[in-house]
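A note on names: the letters A, B, ... follow the listed sequences, proteins ahead of strands, and every chain is numbered from 1. Predicted, not measured: the structure shown is a model, and the values here were computed from it.
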2 protein chains.
Amino acid sequence: MKKRSYNCGLDAAVDVVGGKWKALILWALHHEPLRFGELRRTVSGISEKMLIQQLREMETYGLVHREVYHQVPPKVEYSLTEFGQSLNTALIPLGDWGERHMETIEAIPRD
Amino acid sequence: MKKRSYNCGLDAAVDVVGGKWKALILWALHHEPLRFGELRRTVSGISEKMLIQQLREMETYGLVHREVYHQVPPKVEYSLTEFGQSLNTALIPLGDWGERHMETIEAIPRD
DNA sequence: CTCCATACTTACAAAAAGGTGGGTACCTGA
DNA sequence: TCAGGTACCCACCTTTTTGTAAGTATGGAG
């Protein structure tokens, strides 16, 4: 995410949620806060490294709140901020659209 | 766009609309079909090469219909398919969210 | 001591996305 | 002929994103 000025609201929003993993992480946190390990298992296919990186970015964006619990074993919990929740709400119609058109999307030819 | 299987509808949708230019092009075509040159001027900052490339991809995805008019000067017109229109509809809440949170988004620190 | 749990960091590589520059095609008009 | 219009294509390069591998930290149990 390098842009600083956007042409419209959609341009800005798509930039915020862009990349392979952010939408999935946002959705994994939709119902309740999750620990790092829980997130790792919920977001299928993501490596620890990518999960940490994405979470750090999303924390910087203000989408996610990170709470460190000083215990053993260590526990770090991630939850959506209000900002993040509002984004998730705005993403619902898009997710429905994707679900409705899943077969079409998966049938798109790619090289 | 390389993925073939998605974890959920949102994952699929974000993959379809991902990248720097697709959302802007989708929105440029929202109200009416446009010729290539009109699109170039409407989508601020895009090069001819990137516009062609994105349009070709979106045609392959089935989002956009390309109509060649055999005239001089040459005219090629692009319009949204029903599939593309349905995606635009699903993007409206996201665009509104982006508009509402534009200042927040532009204030996000980046390196 | 080692191994286990959790949650990271760093260096480097590979893949993907975006961009620059040069050119093409077709036609018309000066 | 060249210059203008429109809409592309290709080769190559740069930047960004994603991923692999190796390591760290804290503490507890065997």
Side-chain angles (χ1 to χ4, degrees), chain A residues 1-4 6-7 11 14-25 28-29 33-61 64-79 108-111, chain B residues 1-7 11 14-25 28-29 33-61 64-79 108 110-111:
Chain A
M1 178 151 112
K2 282 289 182 191
K3 293 163 72 171
R4 217 173 232 284
Y6 300 103
N7 291 336
D11 191 13
V14 167
D15 197 30
V16 168
V17 80
K20 183 170 177 179
W21 297 111
K22 283 191 183 57
L24 287 170
I25 293 166
L29 291 170
L34 295 175
R35 281 173 297 120
F36 179 87
E38 287 172 327
L39 259 178
R40 173 87 197 274
R41 284 184 292 276
T42 304
V43 184
S44 186
I46 193 167
S47 64
E48 286 189 0
K49 188 259 187 192
M50 288 311 299
L51 182 53
I52 292 154
Q53 183 174 306
Q54 299 300 309
L55 286 169
R56 287 300 192 173
E57 278 178 29
M58 289 161 82
E59 196 188 352
T60 300
Y61 299 177
V64 159
H65 175 61
R66 180 171 175 272
E67 188 83 50
V68 182
Y69 292 82
H70 294 284
Q71 64 171 55
V72 170
K75 175 182 172 181
V76 180
E77 191 179 82
Y78 295 89
S79 54
I108 292 173
R110 50 212 92 187
D111 307 317
Chain B
M1 181 149 117
K2 279 291 184 192
K3 294 163 71 173
R4 241 217 190 260
S5 69
Y6 300 102
N7 292 336
D11 190 14
V14 167
D15 197 30
V16 169
V17 81
K20 183 170 178 181
W21 298 110
K22 283 190 182 59
L24 287 169
I25 292 165
L29 292 172
L34 295 174
R35 282 174 295 119
F36 180 86
E38 288 174 327
L39 259 179
R40 174 90 196 272
R41 284 188 290 276
T42 303
V43 184
S44 186
I46 194 167
S47 65
E48 286 190 359
K49 186 258 187 187
M50 288 311 300
L51 183 54
I52 294 156
Q53 185 176 303
Q54 299 299 309
L55 287 169
R56 287 301 191 174
E57 279 177 30
M58 290 160 81
E59 193 187 357
T60 301
Y61 299 177
V64 158
H65 173 63
R66 178 171 175 272
E67 187 85 51
V68 181
Y69 292 82
H70 294 283
Q71 66 173 52
V72 171
K75 174 181 174 182
V76 181
E77 190 178 83
Y78 295 88
S79 55
I108 290 173
R110 53 211 92 187
D111 309 315

Handout entry: Closest to the Trp21(B) side chain, choosing from dC8(C), dT18(D), dG19(C)
Key = dG19(C)
Handout entry: Sequence-distant partners of Arg56(B), side-chain contact (heavy atoms from CB on, under 4.5 Å), two or more places apart
Key = Ile52(B), Glu59(B), Arg66(B)
Fill in the blank from the handout: Rounded to whole Å, CZ of Arg56(A) lies from C1' of dT9(C) at a distance of 10 Å
Completion exercise
Interatomic distance, CE@Met50(B) vs CD@Gln54(B), rounded to 0.5 Å, equals 4.5 Å
Practice task
Measure from CD on Gln71(A) to P on dC4(C) and round the result to the nearest Å.
Solution key: 21 Å
Handout entry: B/S/- contact track for nucleotides 25-30 of chain D, protein heavy atom under 4.0 Å
Key = --S---
Exercise for the section: Report which part of the nucleic acid Tyr78(B) touches: base, sugar-phosphate, or nothing (heavy-atom distance under 4.0 Å, all strands). Expected result: sugar-phosphate
Handout entry: Value in whole Å for how far the P atom of dC8(D) lies from CD of Glu67(B)
Key = 13 Å
Handout entry: Shortest non-hydrogen contact from Ala23(B) toward Val14(A)
Key = CB-CG2, 4.0 Å
Completion exercise
Residues passing the side chain to side chain donor-acceptor pair (under 3.5 Å) test with Lys49(A), sequence neighbours excluded, are Gln53(A)
Exercise for the section: For Glu57(B), report the nucleic acid contact type (base, sugar-phosphate, nothing); a contact means any heavy atom under 4.0 Å. Expected result: nothing
Practice task
Quickly work out the Gln53(B) CD to dA11(D) P distance and round it to whole Å.
Solution key: 14 Å
Problem - Gap between atom CZ of Arg35(B) and atom CZ of Arg40(B) - 0.5 Å precision - result: 14.0 Å
Problem - Pairing residues for Glu57(A) by the side chain to side chain donor-acceptor pair (under 3.5 Å) criterion, not counting sequence neighbours - result: Lys22(A), Tyr61(A)
Completion exercise
Of all heavy-atom pairs linking Ala28(B) and Val43(B), the shortest is CB-CG2, 3.9 Å
Handout entry: Passing option when Tyr78(B) is tested against Ile25(B), Leu51(B), Leu55(B), Leu34(B) for side chain to side chain contact (heavy atoms under 4.5 Å, CB included)
Key = Leu55(B)
Exercise for the section: Give the nucleotide from the list dT9(C), dA7(C), dG18(C) with an atom nearest to the side chain of Arg66(A). Expected result: dA7(C)
Handout entry: Angle of first-five versus last-five pair axes in the helix from dC1(C)-dG30(D) to dA30(C)-dT1(D), to 10 degrees
Key = 40°
Problem - Reported CG-to-CD distance for the pair Leu39(A) and Glu77(A), which is rounded to 0.5 angstrom - result: 10.0 Å
Problem - Rounded interatomic separation in angstrom, taking NZ from Lys20(B) and C1' from dA16(C) - result: 15 Å
Completion exercise
Sorted by number, residues from residues 35-50 of chain A placing a heavy atom under 4.0 Å from DNA chain C are Arg35(A), Phe36(A), Gly37(A), Glu48(A), Lys49(A)
Exercise for the section: Drop me the distance from Leu24(A)'s CG to Tyr6(B)'s OH, to the nearest 0.5 angstrom. Expected result: 11.0 Å
Practice task
Quick one: closest heavy-atom pair of Asn7(A) and Ser44(B), and the distance?
Solution key: ND2-O, 3.7 Å
Practice task
Write down the distance between CD1 (Ile52(A)) and P (dT20(D)), rounded to a whole number of angstrom.
Solution key: 14 Å
Exercise for the section: Mind calculating the distance between CG (Asp15(A)) and P (dA17(C)) to the nearest angstrom? Expected result: 15 Å
Completion exercise
Here the distance between atom C1' of dT16(D) and atom CD of Gln54(A), to the nearest Å, is 12 Å
